[in-house]
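Dumping the structure here so I can ask a few things about it.
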Amino acid sequence: MTSFKRAFTQATERYGRFSHAAHLFVAWQLLQDRPALAALAEFRAGLRALADRLGLQDKYSETQTVAWFLAVLDHLDRAGSRAEDWEAFAARTPHLFDPAHLHAFYPPGVLNSRAARLHFLPPGPAGGTS
């Protein structure tokens, strides 16, 4: 079983469905097991495969996938240790559990754009569209 499948199974057992919190849990779990770039590659591939399998290709967003993953990574790095368990991480980062959190970094409309679904747009005033 891949790390993504194991983390996905644990997330759905914990949350009952693959909610926003479950996505964050999978990112956090993958970052416990491997270096960030390898974890990101597995997170992206796993979510794309899941969307394909469920016929939800239009729901997958490369920008949101990468941005949420980087938010989890950033907050792990701020802690200075990866020894923190999920409950402690979640308690320390309640703002990440608000799906609107990324709106602070992206102009309106960018996150749900076709361009954002297809490739990563960096955050910023122009939403990475230049």
Side-chain angles (χ1 to χ4, degrees):
M1 178 180 285
T2 67
S3 293
F4 179 85
K5 285 182 182 178
R6 184 173 42 257
F8 174 80
T9 299
Q10 291 171 350
T12 54
E13 287 172 357
R14 177 181 295 269
Y15 292 101
R17 62 185 184 86
F18 201 51
S19 62
H20 174 67
H23 280 77
L24 296 175
F25 177 83
V26 171
W28 177 86
Q29 188 70 26
L30 291 172
L31 284 162
Q32 301 305 305
D33 295 341
R34 59 199 47 204
L37 291 178
L40 175 58
E42 187 165 354
F43 189 60
R44 291 173 59 232
L47 288 176
R48 271 199 213 122
L50 180 63
D52 288 347
R53 191 168 47 254
L54 297 174
L56 300 171
Q57 296 88 343
D58 288 344
K59 296 281 264 178
Y60 178 83
S61 169
E62 183 72 7
T63 297
Q64 290 191 46
T65 296
V66 174
W68 283 114
F69 181 90
L70 293 176
V72 171
L73 174 62
D74 178 53
H75 285 79
L76 283 172
D77 286 349
R78 287 180 193 201
S81 168
R82 302 241 172 128
E84 175 178 60
D85 67 15
W86 173 248
E87 286 73 20
F89 177 82
R92 186 172 57 80
T93 61
H95 56 285
L96 293 183
F97 291 82
D98 177 359
H101 175 68
L102 292 183
H103 295 196
F105 305 97
Y106 288 89
V110 170
L111 288 173
N112 294 319
S113 70
R114 183 173 179 349
R117 284 192 303 276
L118 296 176
H119 58 272
F120 176 68
L121 301 176
T129 58
S130 57

- Message: Let me confirm one number: the CG-NZ distance from Leu50 to Lys59, rounded to the nearest 0.5 Å.
- Response: 12.0 Å
- Query: Could you walk me through whether Arg6 and Asp33 pass the side chain to side chain contact (heavy atoms under 4.5 Å, CB included) check?
  - Reply: CA-CA 11 Å; Arg6 184 173 42 257; Asp33 295 341; 4.2 Å; yes
- Message: How close do Ala67 and Phe120 get, counting heavy atoms only, and between which atoms?
- Response: N-CE1, 4.1 Å
Give every donor-acceptor pair under 3.5 Å between a side-chain atom in residues 20-28 and any protein atom, sequence neighbours left out.
| residue | atom | partner | partner atom | Å |
| --- | --- | --- | --- | --- |
| His20 | NE2 | Leu96 | O | 2.8 |
| His23 | ND1 | Ser19 | O | 2.9 |

- Task: Can you label the angle between the Phe8 ring and the Phe4 ring as parallel, tilted or perpendicular, going by 30° and 60°?
- Result: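 If you compare the ring of Phe8 with that of Phe4, the planes turn out parallel.
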- Carboxylate-amine/guanidinium contact Arg14 Glu87, below 4.0 Å: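 Yes, charged N to carboxylate O under 4.0 Å.
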- Query: Residues two or more places apart in sequence or in another chain: which of them pass side-chain contact (heavy atoms from CB on, under 4.5 Å) with Arg48?
  - Reply: Arg44, Tyr60, Glu62
- Leu56 side, atom CG; Leu47 side, atom CG - distance, nearest 0.5 Å: 11.5 Å
- Task: Answer yes or no: is there a side-chain heavy-atom contact under 4.5 Å between Thr63 and Ser61?
- Result: yes
- Message: Is there a continuous path of hydrophobic side-chain contacts, each under 4.5 Å between heavy atoms, that joins Phe97 to Phe43?
- Response: yes
- Message: Please give me the minimum heavy-atom distance between Gly124 and Pro107, naming the atom from each residue.
- Response: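 Nearest pair, atom of Gly124 first, then Pro107: O-CD, 3.4 Å.
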- Query: Could you state the interatomic distance from NE2 (His75) to CG (Leu70), rounded to the nearest 0.5 Å?
  - Reply: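 Going from NE2 on His75 over to CG on Leu70, the span is 12.0 Å.
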- Task: Can you measure from CD (Glu42) to CG (Leu31) and round to the nearest 0.5 angstrom?
- Result: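 Going from CD on Glu42 over to CG on Leu31, the span is 10.5 Å.
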- Query: If you measure from CD on Gln10 to NZ on Lys5, what distance do you get to the nearest 0.5 Å?
  - Reply: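 Going from CD on Gln10 over to NZ on Lys5, the span is 14.5 Å.
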- Atom of Ala91, atom of Pro94 and distance for their closest heavy-atom approach: O-CD, 3.4 Å
- Query: Of the non-hydrogen atoms in Ala11 and Phe18, which two are nearest, and what is the gap between them?
  - Reply: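 Looks like CB-CE1, 4.4 Å.
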- Message: Is there a side-chain contact between His101 and Trp68 in this structure, where contact means two heavy atoms from C-beta onward sitting under 4.5 Å apart?
- Response: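 A side-chain contact exists here, since the closest heavy-atom pair is under 4.5 Å.
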- Task: Report yes or no: does Glu84 contribute a side-chain atom to a donor-acceptor pair with the main-chain N or O of Ala79 at less than 3.5 Å?
- Result: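 It does not hold such a pair.
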- Would you say Leu37 and Leu30 are hydrophobically clustered, going by side-chain heavy atoms of ILVMFWY under 4.5 Å?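 Result: no, two separate clusters.
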- For the pair Arg17 (side chain) and Thr12 (backbone), establish whether a donor and an acceptor sit closer than 3.5 Å, ignoring hydrogens and angles. no
- Task: Enter the distance from Leu111:CG to Phe105:CZ here, rounded to the nearest 0.5 Å.
- Result: 11.0 Å
